[in-house]
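By convention in this document, chain letters (A, B, ...) are assigned in the order of the sequence lines, proteins followed by strands, and residues within each chain are numbered from 1. No hydrogens, no waters, no symmetry mates; every other heavy atom, side chains included, goes into these values.
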Amino acid sequence: MTSLWLIPALPLAGFLILVLTEGRLPRSVVAWIGAGSVGIAAVITGYVAWQFLAHDNATIVSSEWLWFSVGSMEISFRLWIDELSLVMTGVITGVGFLIHWYATGYMSEEEGYSRFFAYMNLFVFAMLMLVMGDSLLLLFLGWEGVGLCSYLLIGFFHKVPEFGYAARKAFVVTRVGDTFFLIALFLIFWQVGTLDVQEGLAFARANWDESTTVNTIICLLLLGGAVGKSAQIPLQTWLPDAMAGPTPVSALIHAATMVTAGVYLIARMQGMFELSELAMLCVTLVGLATLFIASFTALVQSDIKRVLAFSTMSQIGYMFFALGLGAWSAGFFHLVTHAFFKALLFLASGSVILAMHHEQDMFKMGGLRKILPVPYYAMLIGSAALAALPLTAGFFSKDAILLGAWDEPNYGGLFWTGAIVAAVLTSLYTVRMIALTFWGEPRGKTYEISADSLWNPNRVRTVMPFLILGVLSIFGGWIGFEFTKQLFNETEAPHGLLYVIQHLDFVPVLTFLIPLLGIVLGILFFRLSEDDQFRKGITDNSLSGILSKYWHSGWGFDWVYDRFIVWPFVTIARTRTNKNDIVDLIFKTLKFFASLFHHILSMLQTGHIRWYAFTMFGGILIVLVLVMWV
Amino acid sequence: MLAAGGVAWISERIHVNLPRWLSLLTFIGVTAWVGAVWLGGPDQSGLYANQFIEWIPRFGINLIFQIDGLSLLLIGLTAILGVAAVVSSWTETKQRTGFFQFNVLWVMAGVVGVFSSFDLLLFFFFWEVMLIPMYFLIAIWGHEDKEYAAMKFFLFTQISGLLMLVAIIALVWVNYEATNTLTFSYEALLGLELEGSIARLLMLGFFIAFVTKLPSVPVHTWLPDAHTQAPTAGSVILAGILLKTGAYGIIRFVITLFPEASQDFWFWGMLLGVISILYGGYLAYSQTDFKRLVAYSSIAHMGFVLVGVYSFTTLGMQGAIVTVIAHGFSTAALFMMAGALQERLHSREMSDMGGLWQKAPRMGAVTMFFVVASVGMPGLGNFIGEFLVLVGAFNKSIVLTVLATFGVVVAAVYGLSLMQRSFQGELNPRVSEMQDFGVREMSLMAVLMIALIWIGVHPQTVLALSDGFVQILEVIP
Amino acid sequence: MDAVLNIPLEHVLFLSIILFLIGAFGILIRRNVIFVLLSLEIMMNAAALAFIAAGARWGEPDGQVMFMFILALAAAEVAVGLGLVVQLSRRFQTLDIDRAEELNG
Amino acid sequence: MFQAGLPYLILTTGLIVLMVGVSIHRSHQVAWSLTVLTLIATFISHFFVYEAVATDIVVITELFRVDSIAYFFNAVFLLATLVLVLFAQVFLDRRTKFTEEFYVLILAATLGAMMLPASTHFASLILGLEVISISLYALIAYPDHARPPLEAGLKYLVLSGVGTATLLMGMAFIYAASGNLDFSSIHITDGSMEGEILFLIGNTLFWCGIAFKLSLVPFHIWTPDVYHGAPSVVTAFLATVSKGAVFAVVLRYVIEADILSSDTISNAIMLIACASMVIGNLLALLQNNLKRLLAYSSIAHMGYLLIVVFLISVNTSLGYESALFYLVSYFVMTLAAFGVIIALSSKSETEVDTLNGISGLLWTKPAAGAVLIAAALSLAGIPLTVGFFAKYYLFTAGISEGMWPLVVCLVLGSGLGIFYYVRIIFRTLEKPQEELSVSVPWLGLSITVLLALAIIVFGLYPTPLVDLIRAILVFPPTL
């Protein structure tokens, strides 16, 4: 199907137009091109989806175009639409379009409007290549492309050096993961002889079993790549800093799409992961650890976007957790719902930040619900979904994950307990965020929002994205789960609500109730306590203070990396001797000796005839001795 | 049209000491010629052009010019970068432009000769010939420390070249003793059976010369100095083309003339490559001078060539060739950028830069593009090369390949730090006025960008050309 | 002829070597140009003596021819040498050979 | 076959006429013209009588044997002398009141140089050698009021005297051992132990003397001072003709006496060669005086050339070919280098011989600068110049006979050499510090340009020269 190409091609075209015109287009045109290209792509995706469903979920393959062919390696550009990639494509173009839409307003007062949309379009293109590519190399192309765009967009405000640092950190840290991915590609090509996803999986199914070590290594390497991209432990440190980018970027890249690429990768390679218990266990543990650590960290953050960032980490942790447990559909479903509600949350927070004139500290906010009603409700809906309040989208997906954890044969109870505790934490920090931002009285300055600002969250054009995402966050769960289940050929997967009703068992009920409990607790705690206590909790030296400080810093990962990797590298690199290349010393020494000998020999040229004669007689003597006795 | 026709044609022009336009036209002419030859397709034996003239019959030394796919590819690169070098130094050199262009043309003629010579002595002849004008370029139009840099460049390349000369003559003499014919013809010497230890020594003679030119650790130290001091056109030629002669030499001569010895040598070849990648990348990060940084990054990239070639796989070999071409474009562009910055700011130190994006967004965007390319972004030429190299090398040695792969991370570190320190951040207060790129510079950069993207998305153009040669290699081992 | 043959070749050669060494030491020790030239003459004559002895050994006139040759040669050399000595005393106001040391390095 | 001696006669006649003429009437112009005429006539005469040597061995008494190789050497020497004489006219005027005897002396030296390639006998060897040397003593000290030439002349006199004495001593010992003075029959006949020792000592002393003349390590120490002090025209003569002539006779000696079949001697010579290459280059490394630098470089070049001596004893034909090619190119490039110095110094009292003096030469005097660059590149053995093929011959020589120590030293020496030649080039390229005010005579300049052209043309296409040399070697009776 050739029209498939249009989906990635449109954003690419948008990118090219915006770049080549070098920002000379009027802003309205830029907005139309930037958001429009993604919008049309979304429409086409809808058409493709319709075709897909109309043909009994038959895989759709685009026309192909040879990329390169060397020896036994032949790689083409070809798009591949099956259930998995279709859902992802839908999310990317759909949510992407909404965020672009929102951004047309959000960015309206910034410099580099055109540049921003160029990058965003490029990002959508790259992300689509990642998702739709039929070979791992094409996937890698997208994978790197989104990394680049992420770098460009985090550092969008390039005048601020810290942002540039954050951008580089993001790029380099994910690059570490990418390297593992790349090595996995080499290994796959070596062992399987192809980089085509489907052929590779087929090969694995046919030739490998649980005991194949190579498979485990491949999976672990892929996990390494996924961990980097999805900001999981231990490569998670870049994500909070990545919040330096404009908020729509955070919404699109660092919440809805790019960071879930790791999840997508693992889901894509399901056939291989299923064969390796060790890899699956690692996926679970990585997810669980991130989930935990990120949740605790989110609880003590003061920057609203950092709360959301840690929340994103923990939610992706859920996804990994689910994938690792074999609850493929639950994990992937959570990806989709998370895209909806986290995008919503970010957009809402973006409006808040603009309203506060780029103040992101929640302790300086408060009472904003009166000024910003739309973001307030959006935030409420998003938070509800995040906290998995029953019947919201998040509830369906998270519940499925929790139940999946319970069903795990070996450590089920343990996993479930962990996940449930994290769920409580999720509720807690969500409530805390809303309480600090919207409830109570203003603690800092507030500003009037001029009615004709393009980003004014009360205008229709800005409300629309909130509305659509809000609807999806609430109702997305109702329709989606059955669909996603088919992706992974799971028939017996647990289904939250029905399950609860049918069984009314202890565990499902508890699973059902505990998020609620968290919310109630949160409301009690944050609603009633004095504002100062939060601040105190962070600064004083009591045990809780130290703990919260520790949590605040993201469990000290940054500190450890700084101390043991970055610092030594930079220090050694910056010392003078190294700038001057120690290898050069070899040649400097040679030069030194050459000139030393030169000076010694020159000193013999004294100019005295008698000395000259002496050397000649000496020479004769030496030669004679050599000839006669040696 | 014949290859020698092309070369002679260049040399004819060379003697006319006319300034820029002439040399620009010459390069465009050569580019067009290469294009025409390419479109014309090869003859039955896979050659695009072939020329034989007697030179010194006494020693069986003849002017044998042949252009096969690999040669054509590199000559094409030479011609395009020739245009780039001339255009990029359009305003930089104000003194003695005639002599300047004369030298540029001579270097190029030498390089074209290197790429098309199929007689070993002729090859050596051109190998050395291109160094002299290059020396002039550095020594006359270089920057503050030019004497040291030019001298270092000349000494390194000449001394290693002498070793090669010894190896060439020795090889010919061995052949003479075996067959009683005195010939320097590449093809005649190709099938020569050599005794193990002799082959190893002779191979080393060639290898050292090429590796010095490439350059690889530990004989790389001339490069940063030469690059830093050379004028823009010099740097472009040096990085874009001269380094490639080293790669070409290894691929064309070392591997084919001494197949067994090279096979035995694979570990050391790859190890040197990996060390170059990591050490070069590491040093690149340590630099504060824009050009030095790019120079060290060249060392790292050329490390990939070594890794690829010594993996002895089709993938690795092809990857090395693609890397050679792509690196030619990307690094040349970065050096032009450095030259443009120096022309505007009179400094190469990155501490004198910072925040330049605000003053010159086009330069920023262009730099970003090439930095990203050299970092190895898929979709651009360098990635294809590095990927193929690594895939190919993986079969040979997993450990070394994994180490080399981490070079990619290092590349990101120094590449982005270059970007950050020069173009991003707050505007350096010392920068007052700065002109952005004009039409001349932008169109030049556009050509290079298109070339890189083309190689990135359709490397088959390159791969198909070099395929014939790599096929031959397959047969040899 | 017979008389000469009575003296063993080695002895004459040793004598010539000793003469040669005397000349050599003369050059090394003396600073006066005249004496240096004299020492040179002695060295040449040492060689000439060796030729005569060798010629005697083989009973051929060649050695003596060479002797004549060397004489002429030494004379020519000294002639030029003395010319230089005159110049030296003029331009350097000395005959001390050590004073001519302006060219070095 | 008497006609084969014609060139010698013409030269001698010219010499005598000049000598008599000078004593009758002093005229610089006439003396100069006469000299040029003599040299040209002598040069041309070779072609007329070439037939004689091309087909047969021409023996002129026991002392000389004239063959095509000797003719070739003669021609080269004559051309080199001619070049220098052409330079000398302007050059001398500034340096002395009495110019005419200079031409007498230089013709005499040339005559000596022409004797050596044809010499087959110790007597003719010493005769030729001393004719050159004694003329040179006077030539070096020729300028009549400067101090350096005198000092140089004196040094050369004393040290050369020592060298000659050593050489004679060596000959005497060889004669004592073998009973012959003819190269081809100095093999030891009686085979006694005593004879062997005498022969060995004799040869050692002989080679020491030769090494002095060729300024090889460790007998090189006089070279820079003499080169430096002598007027450049004479220095150039010393560097080219005198060395070439000595080398010509050495080659013949090696072939005929088959001296290198003795391991001890050949090892010693090898050692001398290696030491010359390395030490000569090391000495030149940071030298700031151009003439001294060229002196040191000539030490190294003579070291390189010794490789041929080894080759020639095994493969005479290739050996001669290499030697002739190398010498011709060495002559051309050395003359070009000195030519620039002479041309620059012609109009001034003092010599322009420091590296500072040539600073920015390419820009102030483009032609002279370009010639100097070409000469330096050629001396360094870089392609495009004839020096490359000269070096190529040496590499071939070294490698074909597997003389690896020599090849290694050759590489090492060449590497060091590049450093200082490139320094020369760099200085000519740099921004001129002050405007060079001296004017350059057109004749001298055009000759140097011609020499540079020769460097380039033969560097691009050496085949004519190679063919010529091989034609010379077609009937060499000694081969």
Review point. Side-chain contact, heavy-atom cut-off 4.5 Å: Phe20(C) with Thr166(D)?
Key: yes
Review point. Which residue pairs pass the salt bridge (Lys or Arg N to Asp or Glu O under 4.0 Å) test with at least one member in residues 147-159 of chain D, sequence neighbours excluded?
Key: Glu102(C)-Arg147(D), Glu151(D)-Lys155(D), Lys155(D)-Asp225(D)
Practice item. Enter the distance from Leu154(D):CG to Gln87(C):CD here, rounded to the nearest 0.5 Å. Key: 11.0 Å
Check your understanding: Atom CG of Leu150(D) and atom CZ of Arg90(C): how far apart are they, to the nearest 0.5 Å?
Key -> 11.0 Å
Exercise for review: Return the option, out of Leu205(D), Leu127(D), Thr164(D), with the maximum number of heavy-atom pairs under 4.5 Å with chain C.
Suggested key: Leu127(D)
Revision key, fill the gap. Answer key: most heavy-atom pairs under 4.5 Å with chain D among Glu77(C), Met44(C), Glu101(C) is Glu77(C)
Exercise for review: Please flag which part of Leu84(C) lies under 4.5 Å from any non-hydrogen atom of chain D: side chain, backbone, both or neither.
Suggested key: both
**Study point:** Residue, of Ala172(D), Gly229(D), Ala146(D), that accumulates the most heavy atom pairs under 4.5 Å with chain C
**Key:** Ala172(D)
Practice item. Could you tell me which of Ala123(D), Ala141(D), Gly153(D) has the largest number of non-hydrogen atom pairs under 4.5 Å with chain C? Key: Ala123(D)
Exercise for review: Report the distance from atom NE2 of His228(D) to atom CG of Asn104(C), rounding to the nearest 0.5 Å.
Suggested key: 9.5 Å
Review point. Can you name the residues of residues 29-42 of chain C that have some heavy atom under 4.5 Å away from a heavy atom in chain D?
Key: Val33(C), Val36(C), Leu37(C), Leu40(C)
Review point. Heavy atoms, side chains only, cut-off 4.5 Å: are Asp62(C) and Phe122(D) in contact?
Key: no
**Study point:** Top contributor to chain C interface from Asn288(D), Val131(D), Val158(D) [non-hydrogen pairs under 4.5 Å]
**Key:** Val158(D)
Practice item. Find the distance between CH2 (Trp58(C)) and CG (Leu181(D)) and round it off to the nearest 0.5 Å. Key: 11.5 Å
Check your understanding: Just wondering, do Ile70(C) and Met171(D) contact through their side chains at under 4.5 Å, heavy atoms?
Key -> no
Review point. For Ala54(C) and Tyr175(D), which heavy atoms make the closest approach, and how far apart are they?
Key: CB-CD2, 3.3 Å
Study note, to complete from the structure: In short, Val80(C) meets Ala138(D) closest at the heavy-atom pair CG1-N, 4.1 Å
Check your understanding: In terms of heavy-atom proximity below 4.5 Å to chain C, should Pro224(D) be classed as side chain, backbone, both, or neither?
Key -> neither
Check your understanding: Does the side chain of Phe173(D) come within less than 4.5 Å of Ile17(C)'s, by heavy atoms?
Key -> yes
Review point. What part of Tyr227(D) gets closer than 4.5 Å to chain C, counting heavy atoms only: side chain, backbone, both or neither?
Key: neither
Review point. With a 4.5 Å heavy-atom cut-off, do Leu13(C) and Leu198(D) have their side chains touching?
Key: yes
Revision key, fill the gap. So, the part of Ile27(C) with a heavy atom under 4.5 Å from chain D: the answer is side chain
Practice item. Answer whether the closest heavy-atom distance between the side chains of Met169(D) and Met43(C) falls below 4.5 Å. Key: no
Check your understanding: Which atom names give the shortest non-hydrogen contact between Leu168(D) and Ala47(C), and what distance separates them?
Key -> CB-CB, 3.5 Å
Review point. Got Arg292(D) and Leu103(C) here, is their nearest side-chain heavy-atom distance under 4.5 Å?
Key: yes
